[in-house]
K.L.:
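If you scroll down you'll find the structure; I have some questions about it.
A quick note: this is a predicted structure, and the numbers were derived from the prediction, not measured.
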Amino acid sequence: MTTTMMRLRQQLASPIYTSAIARIGSRAHHHRLPIAPPQKPRPSTHSKLLLLLIVPLLVVVFLFFVLIPTVVLLPPDRTMSSSSSSSASDAAASAPFEKPRAVVKKLLAESQSEGQGATVRRSIGRHELRNLDPFLMLDEFSVSKPAGFPDHPHRGFETVTYMLEGAFTHQDFAGHKGTIRAGDVQWMTAGRGIVHSEMPAGDGVQNGLQLWINLSSNDKMMEPRYQELQSKDISRAEKDGVEVRIIAGEAFGVRSPVYTRTPTMYMDFTMRPGSELHQPVPEGWNAFVYIIDGEGVFGRDKSAPVGAHHCLVLGPGDGLSVWNRSGAPLRFALVGGQPLGEPVVQHGPFVMNSRAEIQQAMEDYYYGKNGFERATHWTSSSA
């Protein structure tokens, strides 16, 4: 209620007005004013008093019953103060997602031996996180010659190799051969069967990420295929101190040309000190973050910062918020995918839906059939 309204109500409740109204009503009922002579009328003392009392009362009644209800009945948005409107805008800006994703599991990727003398930091694929549908494994590898990953088979899933430093040479039993260097990506769909090798292409440490993505039962026996992108061909975007390389999916309105058999997003973000990021993630998808370098706050702005080599599993929601409050750049991969909701049976490099299918894959590889026909007589040049 405004100050004017309060004063008017106080005035109406004042003894001055109540007594005056009572006197007016009494006089109007019990007393007749004398009839004026035909000459020019002369106002009596009673008439003057009546006029002096009625005029203010009419003003008060008009204000109370006409103007005040109009002010009170205005819609809320029309009477909202500018400070209230500003507060609402600030609240909307600080909450960019209706259901922000929080970190529900944190794993430090631990070093282990893999391949031939190679060392990897594995997060997804360990007993603490066997898989995260549709993701089967995530390794950060650091390999120097002569170590590597010599001839080995795959069936039933995809491998995505993203080089962070150095170079790796790949060759397979179908005659495909190539080298991926820092910033390059190889997206290989093993399908019904591939036998290949992955070995360091230069001196020093070769560092990168390899992600395994499951295929649906309908796609497990498809023909193998490759998608390879050089660093210069990977989509990029930058906004408010945040740079992103879009390996798959879309960020800042920019989309990757990579086709994903299993719907997937894969992004490499670098955030400058003091920057923040609010990246949508499709609802219903599983998603995780792998921190490559630096430290940041993920999910909730009050969360403790998390450093390099941690894998953060994200809960349900429609987007991820990240803050870099350190004095150094923060680099991490954000990966999300649509769950397949199918049984996962894995035996080494074979991933199928049942034990019978795993047994069949082992027999096919051993006898060189059903996609492994060329495996019997092939060896890579690095073997």
K.L.:
For a quick check under 3.5 Å, do Y290 and R331 share a side-chain donor-acceptor pair by atom type?
P.N.:
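Looking only at side-chain atoms, R331 and Y290 do not form any donor-acceptor pair under 3.5 Å.
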K.L.:
Say whether L314 and V322 are linked into one hydrophobic cluster, either directly or through other cluster members, by side-chain heavy-atom distances under 4.5 angstrom.
P.N.:
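Yes; tracing contacts between hydrophobic side chains, which count when under 4.5 Å, links both residues.
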K.L.:
For D139 and R122, what are the C-alpha separation, side-chain angles and deciding distance, and is it a salt bridge (charged side-chain N to carboxylate O under 4.0 Å, His left out)?
P.N.:
CA-CA 5 Å; D139 283 350; R122 181 162 297 169; 2.7 Å; yes
K.L.:
May I ask you to decide whether R272 forms a salt bridge with E238, counting only side-chain N to carboxylate O separations under 4.0 Å?
P.N.:
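Result for this pair is yes, salt bridge flagged.
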K.L.:
Is it the case that the side chains of T189 and E158 hold a donor-acceptor pair, with the cut-off being a distance below 3.5 Å and no angle test?
P.N.:
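On atom types as modelled, these side chains qualify, holding a pair under 3.5 Å.
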K.L.:
With side chains defined as the heavy atoms from C-beta onward, is the minimum distance between E357 and M362 less than 4.5 Å?
P.N.:
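Not in contact.
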K.L.:
Kindly say whether A328 contributes a backbone atom to a donor-acceptor pair with the side chain of N324 at under 3.5 angstrom?
P.N.:
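At least one qualifying donor-acceptor pair exists.
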K.L.:
Are the side chain of D172 and the backbone N or O of G175 linked by a donor-acceptor pair below 3.5 Å?
P.N.:
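Indeed, once roles are kept as given, a pair shorter than 3.5 Å links the two residues.
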K.L.:
Any chance NZ of K239 has more than 12 other-residue heavy atoms, nucleotides or ligands included, within less than 6.0 Å?
P.N.:
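Counting other residues, nucleotides and ligands, NZ of K239 stays at 12 neighbours or fewer.
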K.L.:
Using modelled atom types only, decide if a donor and an acceptor are shared between the side chain of E342 and the backbone of L340 within a distance under 3.5 Å.
P.N.:
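No: the side chain of E342 does not pair with the backbone of L340.
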K.L.:
Using modelled atom types and a 3.5 Å cut-off, is there a donor and acceptor pairing between side-chain atoms of N370 and backbone atoms of A361?
P.N.:
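Looks like no, no N/O pair under 3.5 Å.
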K.L.:
If only side-chain N and O atoms count, and only distance matters, is there a donor-acceptor pair under 3.5 Å linking S256 with S235?
P.N.:
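Not at all, the side chains of S235 and S256 share no donor-acceptor pair under 3.5 Å.
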K.L.:
Where does the angle between the aromatic ring planes of F288 and F135 fall among parallel (under 30°), tilted (30 to 60°) and perpendicular (over 60°)?
P.N.:
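Aromatic pair F288/F135 classed perpendicular.
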K.L.:
L312 and I292: same hydrophobic cluster, using ILVMFWY side-chain contacts below 4.5 Å?
P.N.:
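No.
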K.L.:
Is there a side-chain contact between H196 and H154 in this structure, where contact means two heavy atoms from C-beta onward sitting under 4.5 Å apart?
P.N.:
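Heavy-atom side-chain distance check passes, below 4.5 Å.
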K.L.:
Are W187 and F149 co-members of a hydrophobic cluster defined by side-chain heavy atoms under 4.5 Å apart?
P.N.:
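No, it is not one cluster - the side chains of F149 and W187 are not joined through contacts under 4.5 Å.
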K.L.:
Do S231 and R236 get their side chains close enough for a donor-acceptor pair, meaning under 3.5 Å?
P.N.:
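Distance-only check passes for S231 and R236.
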K.L.:
Tell me the ring-ring contact (aromatic ring centres under 6.0 Å, His included) pairs involving residues 295-316, sequence neighbours left out?
P.N.:
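Passing the test, one end in residues 295-316: F298-F332.
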K.L.:
Go through the side-chain N and O atoms of E276 and S321 and say whether any donor and acceptor fall under 3.5 Å apart.
P.N.:
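No, because no side-chain N or O of E276 sits under 3.5 Å from a partner of the opposite role on S321.
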K.L.:
Which value, rounded to the nearest 0.5 Å, describes the distance between C311 atom SG and L138 atom CG?
P.N.:
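Atom-to-atom, C311:SG and L138:CG are 6.0 Å apart.
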K.L.:
Please report the C-alpha distance between S217 and N353 in whole Å, then the side-chain angles of each, then the deciding distance to 0.1 Å, and finally whether the side chain to side chain donor-acceptor pair (under 3.5 Å) criterion is met.
P.N.:
CA-CA 7 Å; S217 56; N353 297 112; 4.5 Å; no
K.L.:
Heavy-atom count check: over 12 atoms from other residues, nucleotides or ligands less than 6.0 Å from H347 NE2?
P.N.:
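Counting neighbours around NE2 of H347, 12 or fewer heavy atoms of other residues, nucleotides or ligands fall under 6.0 Å, so no.
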K.L.:
Compare all side-chain heavy atoms of V244 with those of F252 and state whether any distance is below 4.5 angstrom.
P.N.:
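V244 vs F252: side chains touch.
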K.L.:
Minimum heavy-atom separation for P96 and H278, please, with both atom names.
P.N.:
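Closest pair (atom of P96, atom of H278, distance): CG-ND1, 3.3 Å.
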K.L.:
Are the side chains of L136 and V344 in touch, meaning some heavy atoms are under 4.5 Å apart?
P.N.:
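A side-chain contact exists here, since the closest heavy-atom pair is under 4.5 Å.
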K.L.:
Given the rule in the side-chain contact (heavy atoms from CB on, under 4.5 Å) test, do T161 and I180 qualify, once you have shown the distances and angles that lead to the verdict?
P.N.:
CA-CA 9 Å; T161 306; I180 55 174; 3.7 Å; yes
K.L.:
Any sub-3.5 Å donor-acceptor pair from T262's side-chain atoms to N214's backbone N or O?
P.N.:
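Checking the backbone N and O of N214 against the side chain of T262, a donor-acceptor pair under 3.5 Å is found.
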K.L.:
Output yes when a side-chain donor or acceptor of Q206 lies under 3.5 Å from a complementary backbone atom of A167, and no otherwise.
P.N.:
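It does hold such a pair.
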K.L.:
State, without any angle test, whether W212 and Q210 hold a side-chain donor-acceptor pair at a distance under 3.5 Å.
P.N.:
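Yes, side-chain donor-acceptor contact under 3.5 Å.
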K.L.:
So do V345 and F350 actually touch side chain to side chain, heavy atoms under 4.5 Å?
P.N.:
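In short, these two side chains do not touch, never coming nearer than 4.5 Å.
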K.L.:
Check whether any side-chain heavy atom of D219 lies under 4.5 Å from a side-chain heavy atom of F157, and answer yes or no.
P.N.:
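They are not in side-chain contact.
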K.L.:
Quick check against the 3.5 Å criterion: does N286 have a side-chain atom that pairs as donor or acceptor with the backbone of G337?
P.N.:
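Pair absent, no side-chain N/O of N286 close to backbone of G337.
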K.L.:
side-chain contact (heavy atoms from CB on, under 4.5 Å) for L320 and L334? Distances and angles first, verdict last.
P.N.:
CA-CA 9 Å; L320 171 68; L334 171 61; 3.9 Å; yes
K.L.:
Testing the basics here: between A102 and R300, what is the closest heavy-atom pair and its distance to 0.1 Å?
P.N.:
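Looking at all heavy atoms of both residues, the shortest contact is CB-NE, 3.7 Å.
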K.L.:
Checking Q346 side chain against G348 main chain: does a donor-acceptor pair fall under 3.5 Å?
P.N.:
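Indeed, once roles are kept as given, a pair shorter than 3.5 Å links the two residues.
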K.L.:
Give the minimum heavy-atom separation between S144 and P200, together with the two atoms involved.
P.N.:
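Shortest heavy-atom contact: C-CG, 4.3 Å.
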K.L.:
For side-chain contact (heavy atoms from CB on, under 4.5 Å), just list the numbers for M163 and F168, CA-CA rounded to whole Å, side-chain angles, deciding distance to a tenth of an Å, and then say yes or no.
P.N.:
CA-CA 8 Å; M163 292 302 300; F168 249 62; 4.1 Å; yes
K.L.:
Starting from the C-alpha separation in whole Å, work towards a yes-or-no answer on side-chain contact (heavy atoms from CB on, under 4.5 Å) for L215 and M352.
P.N.:
CA-CA 9 Å; L215 288 170; M352 305 301 288; over 6 Å; no
K.L.:
Checking the side chain of K99 only, and the main-chain atoms of G317 only, is there a donor and an acceptor separated by less than 3.5 Å?
P.N.:
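No, K99 side chain to G317 backbone: no donor-acceptor pair under 3.5 Å.
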K.L.:
Is the count of non-hydrogen atoms from other residues, nucleotides or ligands lying under 6.0 Å from R325 atom CZ greater than 12?
P.N.:
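Counting other residues, nucleotides and ligands, CZ of R325 exceeds 12 neighbours.
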K.L.:
Please round to the nearest 0.5 Å and tell me the distance separating atom CD of E114 and atom OG1 of T119.
P.N.:
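Those atoms lie 10.0 Å apart.
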K.L.:
Does any donor atom in the side chain of E243 or T270 lie under 3.5 Å from an acceptor atom in the other side chain?
P.N.:
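Distance-only check fails for E243 and T270.
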K.L.:
Kindly indicate whether a cation-pi arrangement holds for R374 with F173, taking the cut-offs as under 6.0 Å to the six-membered ring centre and within 45° of the axis.
P.N.:
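The answer is yes, since R374 meets both limits relative to F173.
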K.L.:
Measuring only between side-chain heavy atoms, which start at C-beta, is I194 closer than 4.5 Å to M188?
P.N.:
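Yes, side chains in contact.
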K.L.:
My understanding is that only residues two or more places apart in sequence, or in another chain, count here; which of them pass salt bridge (charged side-chain N to carboxylate O under 4.0 Å, His left out) with R255?
P.N.:
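Salt bridge (charged side-chain N to carboxylate O under 4.0 Å, His left out) check on R255 returns E250.
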K.L.:
How far apart are the closest heavy atoms of A190 and P224, and which atoms are they?
P.N.:
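Minimum heavy-atom contact is O-CG, 3.5 Å.
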K.L.:
How long is the span from the CD1 atom in I291 to the CG atom in L330, to the nearest 0.5 Å?
P.N.:
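I291 CD1 to L330 CG: 6.5 Å, rounded to 0.5 Å.
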K.L.:
Would you list the pairs meeting salt bridge (charged side-chain N to carboxylate O under 4.0 Å, His left out) in which at least one residue belongs to residues 185-210, sequence neighbours left out?
P.N.:
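Every salt bridge (charged side-chain N to carboxylate O under 4.0 Å, His left out) pair that includes a residue of residues 185-210, provided the two are not neighbours, is R192-E223.
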K.L.:
With rounding to the nearest 0.5 angstrom, report the NZ to OG distance, K106 to S303.
P.N.:
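These two atoms lie 9.5 Å from each other.
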K.L.:
Among E140, R245, Q186, which residue meets the side-chain hydrogen bond (donor to acceptor under 3.5 Å, both in side chains) test with Y162?
P.N.:
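Exactly one option meets the side-chain hydrogen bond (donor to acceptor under 3.5 Å, both in side chains) with Y162, and it is R245.
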K.L.:
Side chains of R121 and E110, heavy atoms from C-beta outward: is any pair under 4.5 Å?
P.N.:
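In short, these two side chains do not touch, never coming nearer than 4.5 Å.
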K.L.:
What distance do D364 atom CG and M221 atom CE have between them, rounded to the nearest 0.5 Å?
P.N.:
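D364 atom CG to M221 atom CE measures 6.5 Å (nearest 0.5 Å).
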K.L.:
Find the distance between CD1 (I234) and CG (L229) and round it off to the nearest 0.5 Å.
P.N.:
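Answer for the CD1-CG pair, I234 versus L229, is 5.5 Å.
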K.L.:
For Q360, is there any backbone N or O sitting under 3.5 Å from a side-chain donor or acceptor partner on E363?
P.N.:
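Answer holds: no.
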K.L.:
Can you tell me how the ring of Y226 sits relative to the ring of H176, calling it parallel under 30°, perpendicular over 60° and tilted otherwise?
P.N.:
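Parallel: the ring planes of Y226 and H176 meet at under 30°.
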K.L.:
Compare every heavy atom of T264 with every heavy atom of T260, then report the nearest pair and how far apart it is.
P.N.:
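Where T260 meets T264 most closely, the heavy atoms are OG1-N, 3.4 Å.
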K.L.:
Could you tell me which non-hydrogen atom of M199 sits nearest to which non-hydrogen atom of P146, and how far apart they are?
P.N.:
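Heavy-atom minimum between the residues: CE-O, 3.9 Å.
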